[in-house]
Amino acid sequence: MSDINETHTPEAAESKDFIRLMVEDDLRTGRFDGRVHTRFPPEPNGYLHIGHAKAMAIDFGVAEDYGGQCNLRFDDTNPVKEETEYVDGIVYDVQWLGHDFGDKIFYASDYFEQMYLWAEELIQKGVAYVDDLSADEIREYRGTLTAPGKNSPHRDRSIEENLDLFRRMRAGEFPDGAKVLRAKIDMASPNMNLRDPVMYRILHSEHHRTGDAWCIYPMYDWAHGLEDSIEGITHSLCSLEYEDHRPLYDWYLDQLGIYHPQQIEFARLNLTYTVMSKRKLLQLVNEGHVHGWDDPRMPTICGMRRRGYTPEAIADFLDRIGIAKAISTVDLALLEHCVRSDLNARAARRMAVLRPLKVIIDNYPEGQEEWLEIENHPQDEAMGTRQIPFSREVYIEQEDFMEDPPRKFYRLGPGREVRLKSAYLVTCGEVEKDADGNVTAIHVTYDPETRGGEAPDGRKVRGTLHWVSAPHAIDAEVRQYDTLFTQENPEDVAEGEHFLDYVNPDSLEVLTGCKVEPALAEAEVGARFQFMRQAYFAVDPDSSAGQPVFNLTVSMRDSWAKIQKRQ
RNA sequence: UGGGGCGUGGCCAAGUUGGUAAGGCAACGGACUUUGAAUCCGUGUACCGCACGUUCGAGUCGUGCCGCCCCAGCCA
């Protein structure tokens with residue numbers, strides 16, 4: 001590859017993000033004995049979305065870059081919201097994205113006993129107490145952003161009484177909400193998280209893994225650092241909103257005097273024309289704005305998978321957007337660019353006509369058929385070729401014919417000659433119309449000397465159309481998608497409006513009666529193709545034998561559309 | 001009017017110890033083309049949020065402003 005006299009200019013060292021810089025710093029100073037161990041800690045209360053994919057790219061990516069490990073850990077500390085269905089879905093998605101979490105899956109619930117013991121330790125130490133205040137009262141006592149809170153009347157109970165009460169909380173002697181265990185820190189702290197945060201609440205609720213073994217459950221702040229500590233995590237990477245929680249994360253670990261990981265925060269991902277909160281996604285599902293978590297319009301991993309996105313394209317996208325602390329909204333166009341780029345390289349080409357228009361080749365012998373060779377990929381010979389049938393009647397795209405075409409229209413029109421891709425050059429003749437004047441069929445004549453699409457006399461033909469032989473065509477359903485929202489930022493709503501007001505009513509368009517080449521009849525679910533001159537499509541699970549259903553993955557760039565728009 | 005963060009071209013985002021603004025996406029030209037795809041060339045006056053300082057020299061240091069985001073769940 002390289003010339004003998006080629007000058008090798010050293011590639012500029014790839015710039016590292018601030019997290020990797022911090023990790024390298026710790027590696028240099030031997031802070032964690034040279035270890036790098038991260039974790040990806042989803043709560044099983046919904047499906048993963050592209051934002052989680054970013055977190056994973058960071059968590060797993062950092063571990064991988066420095067020869068470390070990344071634990072997949074379910075942060076299942078709230079039984080009322082969590083379900084096994086979600087853990088299964090999450091595990092599948094993480095694997096599909098290609099992340100290696102070893103042979104073990106971790107669960108916060110596995111540490112409940114240890115957490116409980118540590119809680120007793122803090123009570124013994126005099127820095128945790130049982131509070132009888134109601135949720136409302138606790139809120140009142142907490143103060144506001146600008147006014148300090150005040151101590152709970154139960155703040156100074158004796159260690160013995162606190163221990164007794166806490167044990168009875170565990171034993172199930174009190175109803176939900178009757179008492180909580182709180183850390184005794186500082187009700188006047190300017191950081192609200194430090195105003196005696198709740199460590200445990202009573203929840204007589206069945207947990208998807210521990211059943212009814214517990215009726216008290218740890219709060220996130222109390223639990224998370226302990227989980228990280230138990231697993232020997234070195235760098236606990238999370239999103240920006242936890243920045244304020246870091247002092248508390250540190251406080252618990254310091255009070256206990258146990259192994260202490262470093263929490264580092266980064267900005268989470270926002271994408272134009274979509275929402276990224278699990279609550280909103282759940283709402284879209286529950287209220288029927290989409291057909292489920294895996295609806296191809298959803299930014300969920302399962303939705304993107306069904307739509308035809310590849311893990312590689314997603315990884316490429318995540319790699320390109322970078323990691324920083326500035327809150328940003330990435331242009332959907334970048335994600336689509338990554339998908340196109342990956343699919344362009346790997347998707348086999350096929351011919352499919354979405355909105356069929358019958359073309360009759362008058363001078364082609366009736367009843368004759370022939371099989372023509374066509375490449376599966378113009379730039380990748382290794383993908384080979386296939387045979388496609390040709391006959392007297394074929395379908396072309398309705399938009400590839402115009403009775404009164406503008407000058408730059410390189411397609412079929414009265415008297416014009418175009419090429420049917422890999423078949424023949426045909427010249428437009430008569431046009432059939434129905435009573436309303438709609439074009440119903442077009443008659444053309446073909447040049448038998450142009451088999452394959454090349455004219456022996458060297459004449460050039462500007463337009464090349466895709467087509468499908470009518471008698472051989474397979475009927476298919478094609479689902480075309482547009483953005484789920486009509487606004488770049490659906491969350492940016494005016495007074496009295498709601499993000500749901502911006503749901504795009506035209507985000508799904510189902511086309512039936514599409515005509516596809518026979519090779520597509522037995523395409524496997526999940527298979528991805530480029531329908532030449534149109535877009536990339538993936539076979540939907542709703543497909544049945546001989547009745548394929550295709551999802552639009554992403555359109556191809558369309559400079560003709562731009563030319564039209566300008567006119 | 002408390003605390004914690006952030007502010008580099010339309011969108012992301014690099015900018016180590018201050019030396020005179022990478023790259024990607026988008027957009028716009030053009031070449032090529034049996035996908036108007038792909039590919040290939042080319043195009044940006046970024047007052048580096050603003051204002052003062054320090055300095056021979058500041059996106060990088062200092063001070064003061066301004067703007068945006070997060071925090072008052074017994075959610076994570």
Side-chain angles (χ1 to χ4, degrees), chain A residues 12-17 21 41-43 45 75 77-78 80-81 131 133-135 138-140 142-149 176-182 188-195 197-203 217 219-221 223-224 238-247 265 267 272 278-279 317 319-338 340-341 344-345 349 351 374-375 377-379 408-411 419-423 425 452-454 461-466 488 530-535 556-563:
Chain A
E14 185 125 323
S15 62
K16 300 228 171 67
D17 56 82
L21 255 22
E43 182 190 13
N45 66 343
D75 209 357
T77 58
N78 185 358
V80 319
K81 290 185 172 178
D131 197 349
L133 255 31
S134 69
I138 285 183
R139 189 183 328 114
E140 284 165 27
R142 188 156 28 226
T144 68
L145 294 178
T146 51
D176 288 4
K179 297 185 185 327
V180 291
L181 181 71
R182 291 231 254 173
S189 172
N191 180 342
M192 300 295 283
N193 297 119
L194 263 20
R195 319 246 264 226
V198 172
M199 296 166 65
Y200 276 94
R201 75 283 213 182
I202 298 172
L203 247 30
Y217 290 91
M219 296 287 289
Y220 170 86
D221 288 306
H224 208 84
C238 58
S239 47
L240 249 34
E241 60 266 37
Y242 291 103
E243 223 155 11
D244 283 344
H245 296 244
R246 189 171 1 113
E265 312 82 12
T272 54
K278 277 201 247 181
R279 206 198 98 250
F317 168 70
D319 189 54
R320 290 172 185 243
I321 59 174
I323 304 167
K325 297 191 72 164
I327 295 171
S328 61
T329 301
V330 178
D331 194 335
L332 219 210
L334 178 59
L335 210 208
E336 295 189 330
H337 165 82
C338 294
R340 269 187 206 108
S341 159
N344 173 53
R349 269 95 272 218
M351 293 217 279
I374 185 170
E375 71 277 11
H377 189 120
Q379 280 85 227
K408 286 201 163 182
F409 188 78
Y410 309 138
R411 306 179 188 185
R419 171 169 34 240
L420 293 181
K421 167 71 183 170
S422 296
L425 262 32
E454 207 81 64
V461 175
R462 188 67 197 256
T464 299
L465 311 186
H466 60 279
E488 252 192 40
Q530 181 199 87
F531 288 176
M532 296 195 93
R533 302 210 308 132
Q534 308 201 105
M556 289 196 277
R557 281 173 60 194
D558 186 354
S559 50
W560 169 239
K562 282 180 189 169
I563 293 170

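Residue numbers begin at 1 in each chain, while the letters A, B, ... track the order of the sequences. Side chains are part of it too, since the values below use all heavy atoms of this structure and drop only hydrogens, waters and symmetry mates. Model, not experiment: these values are computed from the prediction.
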**Report entry** A/Arg411 CZ - B/U35 P separation (whole Å)
**Finding:** 13 Å

Query - Nearest-Å distance once atom P is located in both B/G49 and B/U60 - result: 8 Å

Requested in this report: Output yes when at least one side-chain N/O atom of A/Arg340 is less than 4.0 Å from OP1 or OP2 of B/A38, else no.
Outcome: no

Report task. Could you pick out which residue, A/Glu488 or A/Glu375, lies toward the 5' side of RNA chain B when each is mapped onto its nearest nucleotide? Result -> A/Glu488

Requested in this report: For A/Lys325, answer base if it contacts any base atom (sugar-phosphate contacts may also be present), sugar-phosphate if it contacts only those atoms, and nothing otherwise; contact means non-hydrogen atoms under 4.0 Å.
Outcome: sugar-phosphate

Query raised in the report: Roughly how many Å is it from CD1 in A/Ile321 to C1' in B/A26, rounded to a whole number?
Result: 16 Å

Query raised in the report: Is there a donor on the side chain of A/Gln530 or the base of B/U35 sitting less than 3.5 Å from an acceptor on the other?
Result: yes

Query raised in the report: A/Met556 or A/Asp331: which one's nearest nucleotide on RNA chain B is closer to the 5' end?
Result: A/Asp331

Query - B/C11 and B/G30, which share atom name P, separated by this distance in whole Å - result: 27 Å

Query raised in the report: Would you say A/Ser239's side chain and A/Glu241's backbone share a donor-acceptor pair under 3.5 angstrom?
Result: no

Query raised in the report: Does any donor atom in the side chain of A/Thr464 or A/Arg419 lie under 3.5 Å from an acceptor atom in the other side chain?
Result: yes

Query raised in the report: How would you label the contact of A/Arg462 with the nucleic acid (heavy atoms, under 4.0 Å): base, sugar-phosphate, or nothing?
Result: base

Query - Per-nucleotide protein contact string for nucleotides 69-76 of chain B (B base, S sugar-phosphate only, - none; heavy atom under 4.0 Å) - result: SBBBSBSB

Query raised in the report: Considering only side-chain heavy atoms of A/Ala326, which listed nucleotide, B/C25, B/C12, B/A13, is closest?
Result: B/A13

Query raised in the report: B/U39 and B/A26: how far apart are their P atoms, nearest whole angstrom?
Result: 10 Å

Query raised in the report: Under 4.0 angstrom, heavy atoms only, what part of the nucleic acid is A/Pro378 near: base, sugar-phosphate, or nothing?
Result: base

Query raised in the report: Once you round it to whole Å, what is the distance between P of B/C6 and CD1 of A/Ile323?
Result: 16 Å

Query raised in the report: Do you know which of A/Asp331, A/Leu334, A/Val330 makes side chain to side chain contact (heavy atoms under 4.5 Å, CB included) with A/Thr272?
Result: A/Asp331

Requested in this report: Kindly determine whether A/Ile138 and A/Val180 satisfy side chain to side chain contact (heavy atoms under 4.5 Å, CB included), including the steps that lead there.
Outcome: CA-CA 10 Å; A/Ile138 285 183; A/Val180 291; 3.9 Å; yes

**Report entry** For atom CZ of A/Arg246 and atom P of B/G5, their distance in whole Å
**Finding:** 7 Å

Query raised in the report: Contact class for A/Thr464 (heavy atom, under 4.0 Å): base, sugar-phosphate, or nothing?
Result: sugar-phosphate

Query raised in the report: For the pair made of CG in A/Asp17 and C1' in B/G24, what is the distance, rounded to whole Å?
Result: 16 Å

**Report entry** Whole-angstrom distance between B/U63 and B/G44, as gauged at atom C1'
**Finding:** 34 Å

Query raised in the report: Base, sugar-phosphate, or nothing: which does A/Thr146 touch, judged by heavy atoms less than 4.0 Å apart?
Result: base

**Report entry** Student check: side-chain heavy atoms of A/Tyr217 and A/Leu203 closer than 4.5 Å
**Finding:** yes

Query raised in the report: Run the side chain to side chain contact (heavy atoms under 4.5 Å, CB included) check on A/Leu465 and A/Arg411 step by step: do they pass?
Result: CA-CA 7 Å; A/Leu465 311 186; A/Arg411 306 179 188 185; 4.1 Å; yes

Query raised in the report: With rounding to whole Å, what would you report as the distance between B/C50 and B/C66 at their P atoms?
Result: 15 Å

Report summary line: Glycosidic torsion of B/G4 (syn if within 90° of 0, anti otherwise) classifies it as anti

Requested in this report: Before accepting this row, confirm whether a basic side-chain N of the pair A/Arg557/A/Glu336 lies closer than 4.0 Å to the acidic partner's carboxylate O.
Outcome: no

Query raised in the report: Would you say the side chain of A/Arg419 and the base of B/U35 hold a donor-acceptor pair, judged only by whether the two atoms sit under 3.5 Å apart?
Result: no

Query raised in the report: So what does A/Gly452 touch, heavy atoms closer than 4.0 Å: a base, only the sugar-phosphate, or nothing?
Result: base

Report task. Assign A/His337 to base, sugar-phosphate, or nothing according to its heavy-atom contacts below 4.0 angstrom with the strands shown. Result -> sugar-phosphate

Query - Gap between atoms CZ and P, on A/Phe317 and B/G24 respectively (whole Å) - result: 17 Å

Query raised in the report: What is the nucleic acid contact for A/Glu265, judged by heavy atoms within less than 4.0 Å: base, sugar-phosphate only, or nothing?
Result: nothing

Query raised in the report: Is the ring centre of A/Trp560 less than 6.0 Å from the ring centre of A/Tyr410?
Result: no

Report task. Please map the stems of RNA chain B, keeping only stretches of three or more Watson-Crick or G-U wobble pairs with both distances under 3.5 angstrom. Result -> B:2-7 with B:66-71, B:10-12 with B:23-25, B:27-31 with B:39-43, B:49-53 with B:61-65

**Report entry** Spacing of A/Leu181 atom CG and A/Arg201 atom CZ [to the nearest 0.5 Å]
**Finding:** 12.5 Å

Query raised in the report: Quick one: A/Glu243 CD to B/G3 C1', roughly how many Å, whole number?
Result: 12 Å

Requested in this report: Using modelled atom types only, decide if a donor and an acceptor are shared between the side chain of A/Asn191 and the backbone of A/Pro247 within a distance under 3.5 Å.
Outcome: no

**Report entry** Spacing of CZ belonging to A/Phe409 relative to CZ belonging to A/Arg462, to within rounding of 0.5 Å
**Finding:** 13.5 Å

Report summary line: When rounded to whole Å, the NZ to C1' distance for the pair A/Lys562 and B/A27 reads 7 Å

Query raised in the report: Looking for any heavy atom pair under 4.0 Å, which part of the strands does A/Arg349 touch: base, sugar-phosphate only, or nothing?
Result: base

**Report entry** Pairing of A/Glu43 and A/Lys81 as salt bridge, 4.0 angstrom limit
**Finding:** no

Query raised in the report: Considering only the C1' atoms, how many Å lie between B/G7 and B/C47, rounded to the nearest integer?
Result: 16 Å

